[in-house]
Amino acid sequence: MEAGRTKAAAATTTTTTKRLATLVGCNYAGTPNELRGCINDVLAMRDTLVGRFGFAPRDVAVLTDHRGAAVPPTGANIKRALADMVARAAPGDVLFFHYSGHGTLVPARHGRHGRDQDEAIVPCDFNLITDVDFRELVDRVPRGASFTMVSDSCHSGGLIDQEKEQIGPSVDGDGDGDDDDDAAPPVPPPRARFLPYAVVLGHLSGASGVDASHHVGDHLLALFGADASAKFRRRPGHHHDAAPPDAGILLSGCQWDETSADVAEGDDDAVGGGKACGAFSAALQAVLRAHPAPLSNREVVARARAALRDQSFEQHPCLYCSDANAAAPFLCQQQPEKEEEAAAAAVHAML
């Protein structure tokens with residue numbers, strides 16, 4: 001009886017930390033912007049979260065643009081799912097967001113990065129979600145919780161505004177830079193997960209009725225109002241204060257000035273096992289399969305960089321987060337003995 005009670009208590013304490021995920025895949029089927037591997041990416045990630053990282057299936061929200069989707073991945077639906085996830089969170093919880101789809105660069109009305117373009121993802125309705133939106137989301141994460149974001153999209157480096165660069169164009173990834181003489185020569189990606197600004201602007205201007213000479217923000221405000229990105233709803237001249245170390249962890253498929261590859265079915269068996277996929281998503285899955293023990297966020301990105309370099313992809317995954325989170329285990333995975341020790345300690349404290 002006592003052993004049974006202890007076992008039940010241990011099971012209860014190990015579930016007090018919530019693991020919540022929102023996974024988004026946009027293939028844009030039937031459009032000139034169609035991709036092939038984005039839905040496959042998030043379905044594979046769902047299996048990994050449940051099978052390896054202890055996420056309950058009911059706590060993994062999946063939004064894809066497959067035909068007949070009940071909740072398509074529009075800008076408003078994605079932001080609502082993320083807001084709901086953060087609202088459920090408590091200190092110590094693990095939050096995860098994976099996005100596979102198109103990315104774009106938006107001309108900044110007021111530059112903050114020392115360059116004149118900012119990063120955004122492209123939901124299925126083109127209601128852009130920008131780096132400022134992700135900054136505001138991370139700022140709402142409870143202290144002591146973590147928010148990990150994987151974005152397999154073009155120009156995804158820096159998608160959490162003002163997050164510290166750990167591996168990227170200014171900070172090399174543990175020797176996995178461009179100077180490896182043994183690396184295969186780079187080849188163009190099969191297809192880039194990138195929508196040029198002109199394509200985004202043309203699509204939106206056709207729907208908004210606003211002259212195409214206007215900034216994309218004007219079109220988004222006309223079409224989506226309060227559901228448009230916070231970047232475009234701010235008063236002119238408003239800037240976000242520099243962010244202190246926080247819960248945000250961004251693993252991007254490429255640098256802000258690069259594209260991410262979408263690999264079609266059968267293009268390269270070494271990348272996605274013959275299935276259509278994102279090159280970065282497939283590399284991430286391969287790294288996790290090869291290393292069942294916990295890896296730090298820095299190690300995951302460095303190994304994914306090396307895998308893509310070895311397969312001749314011209315993209316360099318990046319890591320943006322605090323120093324502490326760079327060294328923390330990816331998705332807070334623990335060694336099995338550590339988990340048992342934590343559960344036993346919690347049970348002992350209850351007795």
Side-chain angles (χ1 to χ4, degrees), residues 21-29 31 33-53 55 57 60-67 69 71-74 77-78 81-82 95-104 119 121-124 129 134 148-157 159 189-195 249-254 258-290 300-301 303-305 307-308 311 313 315-319 330-331:
T22 300
L23 314 180
V24 174
C26 295
N27 276 346
Y28 318 91
T31 75
N33 312 305
E34 184 169 1
L35 298 172
R36 301 291 185 180
C38 300
I39 293 177
N40 288 343
D41 289 349
V42 299
L43 296 180
M45 182 55 73
R46 179 187 61 188
D47 293 343
T48 299
L49 294 178
V50 173
R52 172 167 176 164
F53 292 101
F55 285 69
V60 180
V62 179
L63 282 69
T64 66
D65 62 350
H66 67 276
R67 180 175 297 180
V71 184
T74 63
N77 286 341
I78 295 170
L82 290 171
L95 311 183
F96 180 68
F97 173 52
H98 181 118
Y99 171 77
S100 281
H102 278 304
T104 193
E119 307 84 3
I121 64 172
V122 185
C124 66
I129 303 177
F134 290 117
T148 301
M149 173 177 172
V150 168
S151 190
D152 193 351
S153 56
C154 293
H155 307 293
S156 46
L159 259 173
R191 180 179 175 89
R193 293 182 170 182
F194 169 54
L195 286 183
I249 304 165
L250 169 64
L251 290 76
S252 68
C254 62
E258 292 180 333
T259 59
S260 288
D262 187 69
V263 182
E265 183 175 359
D267 267 10
D268 189 342
D269 290 346
V271 176
K275 288 185 177 181
C277 63
F280 174 56
S281 292
L284 181 59
Q285 292 286 349
V287 167
L288 294 175
R289 282 195 303 271
V300 168
V301 172
R303 291 177 186 276
R305 271 195 164 209
L308 290 172
Q311 294 178 51
F313 285 97
Q315 63 189 88
H316 301 86
C318 302
L319 175 64
F330 178 67
L331 291 181

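These numbers come from the heavy atoms of this one structure, side chains and all, not from hydrogens, waters or symmetry mates. What you see is a predicted model, and the numbers here were worked out from it, not measured in a lab. Nothing fancy with the numbering, it's 1 onward along the sequence.
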Q) Does the pair F96 and V60 meet the rule for a side chain to side chain contact (heavy atoms under 4.5 Å, CB included), with working shown? A) CA-CA 9 Å; F96 180 68; V60 180; over 6 Å; no

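In this structure, N40 contributes its side chain and C277 its backbone to no donor-acceptor pair below 3.5 Å. With hydrogens and angles disregarded, no donor-acceptor distance shorter than 3.5 Å links the side chain of Y28 to the backbone of D65. The main-chain N or O of E258 is never found under 3.5 Å from a side-chain atom of Q315 such that the two would form a donor-acceptor pair. In terms of modelled atom types and a separation under 3.5 Å, the side chain of D152 and the main chain of S281 share a donor-acceptor contact. Looking only at distances, a side-chain donor or acceptor of T104 sits under 3.5 Å from a matching main-chain atom of L195. Within the 3.5 Å criterion, the main-chain N or O of S252 finds no donor-acceptor partner in the side chain of S151. Looking at H155, its side chain never comes within 3.5 Å of a backbone N or O of F194 through a donor-acceptor pair. Of the possible donor and acceptor atoms, one in the side chain of R191 sits under 3.5 Å from a partner among the backbone N and O of E34. Panel note: side chain S153, backbone G103; no donor-acceptor pair is recorded below 3.5 Å.
Paired with T22 under the rule side chain to side chain contact (heavy atoms under 4.5 Å, CB included), one option of V62, V42, L82 passes, and it is L82.
Between Q285 and M45, the closest side-chain pair of non-hydrogen atoms falls below 4.5 Å. When side chains are defined from C-beta on, L159 does not count as touching Y99, because their heavy atoms never get closer than 4.5 Å. Contact annotation: the side chain of N33 never approaches that of V122 to less than 4.5 Å [non-hydrogen atoms, C-beta and beyond]. The side-chain heavy atoms of L23 and F97, taken from C-beta on, include no pair separated by under 4.5 Å. I121 is not listed as a side-chain neighbour of H102, based on a closest heavy-atom distance of 4.5 Å or more. Looking at F134 and L250, their side chains never come closer than 4.5 Å, going by heavy atoms from C-beta outward. Looking at P72 and N77, their side chains come closer than 4.5 Å, going by heavy atoms from C-beta outward. Considering only heavy atoms from C-beta on, L308 comes within 4.5 Å of P317 through its side chain.
A salt bridge links R193 with D262: the closest approach of a Lys/Arg side-chain nitrogen to an acidic carboxylate oxygen falls below 4.0 angstrom.
Among all heavy-atom pairs drawn from L49 and A21, the shortest one is CD1-CB, 3.6 Å. Closest approach of L63 and A81 over heavy atoms only: CD1-CB, 4.4 Å. Heavy atoms only, all atoms of each residue included: G278 and D41 are closest at N-OD1, 2.9 Å. When all heavy atoms are compared, the tightest approach of L35 to C26 is CD1-O, 4.1 Å. Heavy-atom minimum distance, I78 versus P73: CD1-O, 3.6 Å. Scanning all heavy atoms of the two residues, the minimum distance from S260 to C254 falls at OG-SG, 3.3 Å.
Expressed to the nearest 0.5 Å, how far CG of N27 lies from OG1 of T64 amounts to 8.0 Å. Atoms CG and CD1, from L251 and I249 in turn, are 8.0 Å apart once rounded to the nearest 0.5 Å. In this structure, CZ in R52 is found 14.0 Å from CG in D47, a value given to the nearest 0.5 Å.
Between F280 and F313, a ring centre-to-centre spacing not shorter than 6.0 Å is recorded.
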